[in-house]
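By convention here, the first residue in the shown sequence is residue 1. All values below were derived from every heavy atom in this structure, side-chain atoms included, with hydrogens, water molecules and symmetry-related copies excluded. Keep in mind that this is a model prediction, so the values were computed, not measured. Atoms within a ligand are numbered from 1 in the order they appear, just like the ligands themselves.
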Amino acid sequence: MPNVTLRVNGDVVSRDIEARMSLADFLREHANCRSVHLGCEHGVCGACTILIDGRLARSCIALAIALEGADVTTLEGLHADATIAQLRESFHECHGLQCGYCTPGMLVTARDIIQREGETTEKRLREALAGNICRCTGYAGIVASIRHAAEALKQD
Ligand code: FES
Ligand code: FES
């Protein structure tokens with residue numbers, strides 16, 4: 001089996017893997033990143049959203065073997081990130097989750113939106129979240145949470 005070496009949340013992870021293994025499976029099985037959830041497994045629902053070299057990506061449609069040397073960050077690697085800390089608080093306060101299955105992908109995506117756009121309109125936020133599906137909340141709580149976080153971070 002071919003070998004691949006990635007940097008995952010700052011740690012070097014090197015494994016012999018099947019060439020067809022997705023990055024999502026690699027992260028869950030070989031790097032213990034259980035925040036990487038699998039929903040659709042074809043790039044639609046956003047549950048598996050992570051960062052590859054600092055950019056948002058769907059880990060279910062990325063082949064681990066094609067990412068030799070890449071720097072991958074999951075929600076576990078953002079535990080000390082100030083934006084994620086505020087988002088966690090805001091999701092709690094504004095009821096941004098129910099079952100929590102979509103939440104890791106939502107948080108990683110919301111961090112990206114806040115860092116790129118700061119405070120934004122509800123309409124724009126809903127557009128930016130179009131690639132992250134939540135089957136429970138109806139999105140009102142999620143949108144309120146992200147707006148709350150962006151506002152709080154602006155005041156810091
Ligand atoms: Fe990756 Fe749905 S599991 S986008
Ligand atoms: Fe259940 Fe979003 S909180 S899928």
#### Entry: Under 2.8 Å from atom 1 (Fe) of ligand 2 - protein N/O/S, by chain and number
Cys99 SG, Cys136 SG
#### Entry: same_hphob_cluster(Val13, Ile65) at 4.5 Å side-chain heavy-atom cutoff
yes
### Message
Tell me whether Glu127 is salt-bridged to Lys123, with the criterion being a basic N under 4.0 Å from an acidic carboxylate O.
### Response
yes
### Task
Flag yes if more than 12 heavy atoms outside Arg20 fall under 6.0 Å of its CZ atom; otherwise flag no.
no
### Task
Tell me, please, which residues at least two apart from Ile133 pass side chain to side chain contact (heavy atoms under 4.5 Å, CB included).
Val44, Cys45, Arg135, Tyr139
### Message
Suppose the cut-off is 2.8 Å; which protein N/O/S atoms would you list for atom 1 (Fe) of ligand 1?
### Response
Cys48 SG, Cys60 SG
### Query
Does some side-chain heavy atom of Asn132 sit less than 4.5 Å from a side-chain heavy atom of Cys102?
no
### Task
Would you indicate whether the side-chain heavy atoms of Leu6 and Leu23 approach each other to under 4.5 Å?
yes
Side-chain polar contacts of residues 24-33 - donor-acceptor pairs under 3.5 angstrom, sequence neighbours left out - could you list them?
from, atom 1, to, atom 2, distance (Å)
Arg28, NH1, Val36, O, 2.9

### Message
For a 4.5 angstrom cut-off between non-hydrogen side-chain atoms, does Glu89 reach His92?
### Response
no
## Note on the structure
Nearest heavy-atom contact between Ser90 and His148 is OG-ND1, 2.7 Å
